[in-house]
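Written below as structure tokens is the structure these notes are about.
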Amino acid sequence: MEHQEELPSIVELNVGGVFYTTTLTTLTKEPDSHLSSIFTGNSPVPKDAKGKFFLDRDGVLFRYVLDFLRNQALVLPEGFRERERLRQEANFYGLPGLDKAITDHVDGPIQCKKAPGYITVGYRGSFSFGRDGSVDVKFRKLFRILVSGRVALCRDVFGETLNESRDPDHGMSDRYTSRFFLKHSFIEQAFDMLQEQGFKLAGSCGSGTSGGSVEQRGGDSEENRWNHYNEFVFVRE
């Protein structure tokens, strides 16, 4: 019989393409849950190419599962529209307490005052091309999604998907920074998370490409000539 490897106290997860870092204690806080059995049972947890433990579930909604386990309380953004999907996740992970907390909130929105402010999201992108210069099936290619604004707001919106490794002043919330980026490259996912937290698009701008003005010289050069940068400003009043 293949046995579960000994897990570290700090666990790095890839949940449906979204990365999280948490403790083994948090993941096994409900010992009778399916989530706990995943990490304490005899079957090894699969890993992705970077060695992170992989769960083939909704990565965005997993943030609420983690929050519930950490705090034993459910806090959802105002106007949250994915209660049924979150209930599915609660049932899959075997967390009846989370399922009950979701049900208790069905009849009305959760009342919580959200701090106003601005968040700027930007990305540098190109388009994917094959070796012969033909467009790749993935087509759009994003290198990194950048986030700037008040630290507390950025953490409130993006949670565990926010990568703060480049920020020199860890731990300070009452300040502004332009050194955050996201752990994924799905711009629509970032937009969804901003919308869930009550932000609206205030403005945007983008650079052009040198598309038709440069002679094609292979795949890499072809991608370079389509490089562009887009930036979006979101506001919550």
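Keep in mind that what you see is a predicted model, and the values were worked out from it rather than measured.
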Would you name the heavy atoms of Ile102 and Ala90 that are closest together and state the gap between them? CD1-CB, 4.3 Å
Nearest 0.5 angstrom please: Leu74 CG to Arg83 CZ, how far? 8.0 Å
Any donor and acceptor pair, going by atom type alone, linking the side chain of His228 with main-chain N or O of Ser207 inside 3.5 Å? no
Answer with yes or no whether the hydrophobic clustering places Phe186 together with Met193; edges join I, L, V, M, F, W, Y residues whose side-chain heavy atoms lie under 4.5 Å apart. no
Run Phe158 and Phe180 through ring pair (Phe, Tyr, Trp, His ring centres under 6.0 Å) and show every step you take. CA-CA 11 Å; Phe158 297 109; Phe180 287 165; 9.3 Å; no
Examine distances only and state if a side-chain atom of Thr26 and a backbone atom of Thr22 form a donor-acceptor pair shorter than 3.5 Å. no
Please examine the side chains of Phe62 and Leu13, heavy atoms only from C-beta on, and report whether any two atoms are closer than 4.5 Å. yes
Is there a donor-acceptor contact under 3.5 Å from the side chain of Asp156 to the main chain of Ala152? no
Measure from the side-chain N and O atoms of His184 to the backbone N and O of Leu182, and report whether any donor-acceptor pair falls under 3.5 Å. no
Can you find a pair of side-chain heavy atoms, one from Cys154 and one from Leu162, that are under 4.5 Å apart? yes
When you look at Tyr20 and Leu66, which way does the side-chain contact (heavy atoms from CB on, under 4.5 Å) test go after all the steps? CA-CA 9 Å; Tyr20 293 91; Leu66 273 185; 3.8 Å; yes
Atom CZ in Arg124, atom CD1 in Ile145: separation rounded to 0.5 Å? 13.0 Å
Are Phe92 and His34 packed together at the side-chain level, in the sense that at least one heavy-atom pair is separated by less than 4.5 angstrom? yes
Show your working on side-chain contact (heavy atoms from CB on, under 4.5 Å) between Gln72 and Glu30 and close with a plain yes or no. CA-CA 10 Å; Gln72 293 297 292; Glu30 299 286 346; 3.4 Å; yes
Donor-acceptor check, side chain of Asp48 to backbone of Lys50, threshold 3.5 angstrom: yes or no? yes
Distance, nearest 0.5 Å, that separates OH of Tyr93 from CG of Leu98: 10.5 Å
For a side-chain contact (heavy atoms from CB on, under 4.5 Å) check, start with the C-alpha distance between Arg175 and Thr177, then their side-chain angles and the critical distance, and finish with the verdict. CA-CA 7 Å; Arg175 61 185 176 87; Thr177 184; 3.8 Å; yes
Does OH belonging to Tyr118 count more than 12 external heavy atoms closer than 6.0 Å? no
If you define the side chain from C-beta out and look only at heavy atoms, does anything of Val11 sit under 4.5 Å from Thr23? no
Non-hydrogen atoms of Glu196 and Pro77 that approach each other most closely: O-CB, 2.9 Å
What is the minimum heavy-atom distance between Asn227 and Ser126, and which atoms define it? OD1-CB, 3.3 Å
Considering only NZ, NE, NH1 and NH2 on the basic side and carboxylate oxygens on the acidic side, decide whether Arg63 and Asp67 come within less than 4.0 Å. no
Walk me through it: do Thr120 and Leu146 pass the test side-chain contact (heavy atoms from CB on, under 4.5 Å)? CA-CA 8 Å; Thr120 301; Leu146 308 175; over 6 Å; no
Look at the side chain of Ser33 and the backbone N and O of Ser36, then say whether any donor-acceptor pair between them is shorter than 3.5 Å. yes
Treat each ILVMFWY residue as a node, draw an edge where side-chain heavy atoms are under 4.5 Å apart, and state whether Phe143 and Trp226 are in one component. no
Can you give each donor-acceptor pair under 3.5 Å made by side-chain atoms of residues 51-60, sequence neighbours left out, with the distance rounded to 0.1 Å?
unit_1 : atom_1 : unit_2 : atom_2 : d
Lys52  : NZ     : Glu12  : OE1    : 3.1
Arg57  : NE     : Glu89  : OE1    : 3.3
Arg57  : NH2    : Glu89  : OE2    : 2.9
Asp58  : OD1    : Val60  : N      : 3.0
Asp58  : OD1    : Leu61  : N      : 3.0
Asp58  : OD2    : Arg85  : NH2    : 2.5

Check Glu164 with Arg179, please: is the shortest side-chain N to carboxylate O separation under 4.0 Å? no
Do Ile38 and Leu27 have side chains that approach each other closer than 4.5 Å (heavy atoms only, starting at C-beta)? no
Measure across Asp99 and Arg87 and return the closest heavy-atom pair with its distance rounded to 0.1 Å. OD1-NE, 2.7 Å
Going from CG on Leu7 to OG1 on Thr28, what distance comes out if it is rounded to the nearest 0.5 angstrom? 9.5 Å
When hydrophobic residues are tied together by side-chain contacts of less than 4.5 Å, even through go-betweens, does Phe181 share a cluster with Ile187? no
Which atom names give the shortest non-hydrogen contact between Leu24 and Phe39, and what distance separates them? CD1-CB, 4.0 Å
Scan the side chains in residues 229-237 for donor-acceptor partners under 3.5 Å anywhere in the protein, sequence neighbours excluded, and list what turns up.
unit_1 : atom_1 : unit_2 : atom_2 : d
Tyr229 : OH     : Glu231 : OE2    : 2.9
Asn230 : ND2    : Tyr123 : OH     : 2.8
Arg236 : NE     : Ala115 : O      : 2.9
Arg236 : NH1    : Gln197 : O      : 2.7
Arg236 : NH2    : Ala115 : O      : 2.9

Scanning both residues in full, the closest heavy-atom pair of Phe68 with Ala101 reads CE1-CB, 4.4 Å
Hey, quick one: are Tyr64 and Phe19 part of the same hydrophobic cluster, counting side-chain heavy atoms closer than 4.5 Å, chains of contacts allowed? no
